[in-house]
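Each remark here refers to the structure printed beneath this line.
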Amino acid sequence: MPSDNPYYTRAPPVPKSLGTKDPLFGFLPRTITGKQVLAAMKKILETRKKLPVFGQMDEFLKMFTNNQIIIMVGETGSGKTTQIPQFVCYSDLPHLNKGQLVACTQPRRVAAMSVAKRVADEMDVSLGKEVGYSMRFEDMTEPGSTFLKYMTDGMLLREVLNDPDLKRYSTIILDEAHERTLATDILMGLLKNLAKRRSNLKIVVMSATLDAQKFQRYFSIAGPNAPLVKVPGRTHPVEVFYTLEPEPDYVEAAIRTVLMIHRAEGPGDILLFLTGEEEIEDACRKIKLDVDDLVKQDPDSVGPLICIPLYSSLSPEQQQHIFDPPPCPRTPDGPSGRKVVISTNIAETSLTIDGIVYVVDPGFSKQTVYNPRIRVESLLVSPISKASAQQRTGRAGRTRPGKCFRLYTEKDFMIELEEQTHPEILRSNLANTVLELAKLGVTDLVHFDYVDAPAPESLMRALELSNYLAAIDDDGALTPLGAIMADFPLDPQMAKMLIVSPEFNCSNEILTIVAMLSAPNVWSRPPNKRKEADQAKALLTVSDGDHLTLMNVFNSYMNNKHDRQWCWNNYLSQRALQQAENVRSQLQRTMERYEIELVTTQDERKLWQNIRKALVCGFFMQVAHKEGEKNNYLTVKDNQGVSFHPSSGLDSSPEWVVFNEFVLTTKPYIRTVTEVRPEWLLEYAPNYFDLSTFPHGETKRALLRVQKERALKVDGGASNGRNSPASDLPAKKRKKTAPS
DNA sequence: AGCATGGAT
C-alpha cells in the first residue's frame, strides 16, 4: 500500500529512549561538546562491531552480490535483524533511485517499530524519514525519502495484492521465517515466483538454524541449494534439567518448582510458561499463598517474591510490570527478593524480559487447530515442539548463564515432542488466503508452490465457501465481487455481508457490527467483580441478538464521546472500542474506494430486520436450528450439536439463528448469535439451501415447510421475483426502500 | 450453563 495513500495515518514520532544504553544518554540540549559527539558515535559503532554478524559483513556482501536469493541463519543475539538490512542498503544504494526501497518484514508490530527505531539511531537519521516502518493503522515512512522500511509481514502481503511485481523494492528481506506465519509462508511462495519475473529483485530469507536446509532446498532456483550465510548467536549457556517421572499435574508441578528455585537457588528472576489467563491468575494466587506460608515458617532464609502475570489481553500498562525490579530484601542483609513472571507463550517470541535466569517449562501451550471436516478452528492445550522448548530455554540465558527446568522426562522430550511447531498454514482456515491467491491469479491452488502444502481438504473447504459466497465462480476464477472482497481486511463472510448491506439499507450499521466483530472482546469481567460486570452488560444488551448488542455498545460509546470513565463504569475495554473505531474508519475508506454507499433505515423495527437479512447474506453457512424444547441446537448441514455461549444475551431461544463463531471449550458453543427467519435462508442463499441435496433430518423438514408456505405466498404475488442479492454485485445507485 | 493464545490485515 503506497504511503501517500490517505488511507493511512502518520503516527506521532516515537519518543527518544532515555535508557542508559542510549548513546545520547545524559546529553543536555545546547551544552554538547565535540568530545561527547565523538564518544556517542564511537559507542554506536562499538556496539555494532561487537555483534557477531558484523564480522561477516564481507562474506555476506559477496554472497549477496553474486546471488538473487540467499538464506541467512542467525541465532538470537547475532544482530541480523538490525545489521543485514543496513548492509543491503549499502549494496543496493536505493536512495540513488528515487522511490526505491529495501523492505524487511517482521511477524510482529512491536518488532517492526522498535527495530526501525534502533536502526534509524545507528544510521544517524530520523525515524520516519530515511528509515521507517509500516504496519496497519500506522505508516511511519516518507515517500521519496524512505529507503529502508521495516514492516509487518501481513502488510507486505496486502501490498502484493495491489502491486504483484513489488516494483518499488530492490530487495525484500523476510525475517523470522522460521516462525512460519501464514503471511510469511504465502510471501515465500509469491517471491520465489516473482524472482523469475524480476531478475533485479533480490531476496534474503532469515531464519533460525533448524529450518535453514528446508529453505535452502525450497529456494534452489539457481542450483541444488540456495546459498547460506551462517552467523553464530551470542547468548549465555543454559543448563537444562528434566524430571525423572512424568508429572501428572503440570500446574501443581510448576508451582512446586518455582518455590524450590526460590528457596534453593541463587538470585535471579524466574519465567514460568503456562497456557492461558485463568491458569496464570490461579498460579499467581497459589504461589503468593505458599510463599507467605514459607516466610512465616522461616523468615530469615526466604526472601520476598512477587508474581507478575503476562498474557495478551492485559493492557500495555499492565504488561509493563514485567519490567518492574524484583522486591528488596526485608532487612538490609536479609535474603534477596525475586520476581516470577508467569506468562503464556507471548514471552516465547514477542517479549523479552531482562534478568531472567530461571525458566520453568511444563511443555504445553494453547494452539489453534483447524479441522476442515467440520470447518472448525479450536484452541487446544497441546505439547510444544522441540524448537519451542529450545526457544523457552534460551530465555534464561539473555543476560548471564541460567537454568531451565523442564517438567517432563528427557525421554519424552526426545521421543514425544515434534521437531517443529506445525506451520500456521497447516493449522488454519484458509478462506482469506484462497481469495488473496485468487486475486493474484493463482487458479490452481492445490499445485501452488508452497513451502508446506496445506491439506487439500482445507483448500477445498475454503474454495467451497468462496464459491457459495459468489467470490469464486465454478471454474475457480475470481468474480468481480470476489476481487472487491479480497481488498477488505476481513473474513470473506464479513466482507460479503458488508458489500451487500447497502441493498438492505443498513450499511452504516453493518459496518459498525463488522468493526466490532474484528476488534478484541470489549467486555471486561474481573474475577472479583463478575456480578457487577454482568449487570452492566445486561443494561447494554439487546435481547434480539448479540450482533445488535455489539452495535448498541459501539453507538453508546460514541454517544458518550469516547469517555474513559463511562467505559470503566460499564466494564468495557476502551482499548478494544478504540480499535473497533479504527477498523471502522479503515473499512469505510475501502468502501468509498468502491463507491459502496453508507446508508441507513429510519424505521427502527425495519432497520433491525434489514440488519439480520444482511447477516444471512454473509453467514448463511453458520446457521443453527433448535431441536426439541431445551437450549439444544444443531448446526445446519453438519448437524453438530451446539449450545449458546454463556456470554450470549439472546434469551428467547428462537428456532433459527446465525452465529459468528463456533468455539470448542468445555463444550461446543456458538458465540455471538442472532435470530433469523428461515425464509431468508431460502431467498438469499438458494444455492446453499438447495433442499434437493440437503441431508435428511428435522432441519430439512422444517425448511421444506417454509418452502411450501413461500410457494403459496408467491402465488399470491407477495414476492417481487428479483434476483437474490447474495449472488449479485451491489447496485451502485439504489432506491431507498428496503427489500420486502 | 458457566466464558480458554497470539500474531496479522
Side-chain angles (χ1 to χ4, degrees), chain A residues 1 7-8 105-112 134-138 151-162 176 179-187 273-282 310-314 319 343-351 364-369 377-382 384 388 421 423-424 427-428 432-433 435-436 486-491 494-495 514-515 518-521 523-527 530 533-534 537 546 579 582-583 586-587 590 630-632 642-649 651 653 661 663-672:
Chain A
M1 202 64 57
Y7 193 86
Y8 288 83
T105 67
Q106 296 291 322
R108 281 169 296 280
R109 295 166 60 96
V110 272
S134 171
M135 54 210 201
R136 191 184 191 184
F137 304 130
E138 217 178 309
M151 65 203 299
T152 49
D153 53 3
M155 202 69 194
L156 186 62
L157 186 56
R158 281 277 128 194
E159 201 168 315
V160 185
L161 295 184
N162 292 306
E176 314 288 0
E179 288 192 27
R180 304 296 304 276
T181 63
L182 189 50
T184 295
D185 259 30
I186 298 297
L187 282 169
F273 286 100
L274 290 177
T275 66
E277 174 173 348
E278 204 179 299
E279 212 173 76
I280 288 169
E281 294 290 354
D282 213 45
L310 175 64
Y311 41 86
S312 74
S313 58
L314 290 173
Q319 292 190 0
S343 171
T344 60
N345 46 4
I346 189 173
E348 208 174 287
T349 49
S350 309
L351 281 166
F364 294 96
S365 73
K366 267 184 198 166
Q367 286 168 28
T368 23
V369 282
E377 266 184 329
S378 45
L379 273 176
L380 287 180
V381 173
S382 333
I384 59 172
S388 263
T421 310
E424 216 170 41
R427 296 184 285 122
S428 317
N432 277 321
T433 307
L435 276 194
E436 285 157 9
D487 249 13
F488 282 92
L490 293 171
D491 282 344
M494 284 208 259
V514 164
S518 306
N521 183 12
W523 311 103
S524 100
R525 201 166 179 262
R530 285 191 183 166
D534 289 347
K537 187 177 177 184
D546 299 327
Q579 170 89 353
N582 267 343
V583 174
Q586 186 190 32
L587 295 173
T590 310
K630 280 168 68 192
N631 208 353
N632 290 330
V642 291
S643 319
F644 289 0
H645 193 273
S647 65
S648 175
D651 55 8
S653 84
E661 58 183 340
V663 286
L664 193 64
T665 50
T666 50
K667 256 174 41 166
Y669 287 116
I670 48 178
R671 190 152 56 187
T672 316

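It should be emphasised that the depicted structure is a prediction, and the values quoted were computed from it without experimental measurement. Letters go in sequence order (proteins before strands), and every chain restarts at 1.
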key: Nucleotide B:dT5, atom C1' - distance to CG of A:Leu182 in whole Å   = 16 Å
A:Lys667 side-chain proximity, nearest of B:dT9, B:dA1, B:dG6 = B:dA1
message = It should be established whether A:Arg109 places a side-chain nitrogen or oxygen under 4.0 Å from OP1 or OP2 of nucleotide B:dT9.
response = yes
ask   = Within this structure, what is the CZ-to-P distance between A:Arg180 and B:dA8, rounded to whole angstrom?
value = 19 Å
message = If we check side-chain contact (heavy atoms from CB on, under 4.5 Å) with A:Leu187, which of these qualifies: A:Val160, A:Leu182, A:Thr181?
response = A:Val160
inquiry  = Using a distance-only criterion (donor-acceptor N/O pair, under 3.5 Å, no hydrogens), is the base of B:dG6 paired with the side chain of A:Glu424?
reply    = yes
task = Identify which nucleotide among B:dT5, B:dG6, B:dC3 has an atom closest to any side-chain atom of A:Ile346, counting heavy atoms from C-beta outward.
result = B:dG6
query = Does a side-chain N or O from A:Thr275 land closer than 4.0 Å to OP1 or OP2 of B:dA4, or not?
reply = no
key: Below 4.0 Å: OP1/OP2 of B:dG6 and any side-chain N or O of A:Ser312   = yes
ask   = Within this structure, what is the CG-to-P distance between A:Leu156 and B:dA8, rounded to whole angstrom?
value = 15 Å
remark   = The answer to which of A:Arg525 and A:Phe488 contacts DNA chain B further toward the 5' end, by nearest nucleotide, is A:Arg525
inquiry  = So A:Thr344 and A:Ser312, do their side chains get closer than 4.5 Å, heavy atoms only?
reply    = no
query = Got a sec, which residues hit side-chain contact (heavy atoms from CB on, under 4.5 Å) with A:Val110, two or more places apart in sequence or on another chain?
reply = A:Arg108
Length of the line joining A:Arg671:CZ and B:dA1:C1', which is rounded to integer Å = 15 Å
ask   = Closest approach of A:Gln579 and A:Pro520, non-hydrogen atoms and distance?
value = CG-CD, 3.6 Å
task = Side chain of A:Thr152 only, please: which of B:dA8, B:dG2, B:dG6 is the nearest?
result = B:dA8
task = Assign A:Ser647 to base, sugar-phosphate, or nothing according to its heavy-atom contacts below 4.0 angstrom with the strands shown.
result = base
note = Taking for A:Gln579 and for A:Arg427 the nucleotide of DNA chain B with the nearest heavy atom, the one nearer the 5' end belongs to A:Arg427
query = A:Arg136 has an atom CZ; how far is it from atom P of B:dA8, in whole Å?
reply = 11 Å
ask   = Given B:dG2, is OP1 or OP2 found less than 4.0 Å from the side-chain N or O atoms of A:Tyr669?
value = yes
request  = Starting at atom CG of A:Leu187, determine the distance to atom C1' of B:dG7, rounded to an integer number of angstrom.
outcome  = 14 Å
task = Sequence neighbours left out, what passes side-chain contact (heavy atoms from CB on, under 4.5 Å) with A:Thr368? Give chain and number order.
result = A:Leu379, A:Arg427
query = Do the side-chain N or O atoms of A:Ser643 get closer than 4.0 angstrom to the phosphate oxygens (OP1, OP2) of B:dA1?
reply = no
ask   = B:dG6 P sits how many Å from A:Ile384 CD1, rounded?
value = 15 Å
inquiry  = From CD of A:Glu176 over to P of B:dG6, roughly how many Å is that when rounded to an integer?
reply    = 18 Å
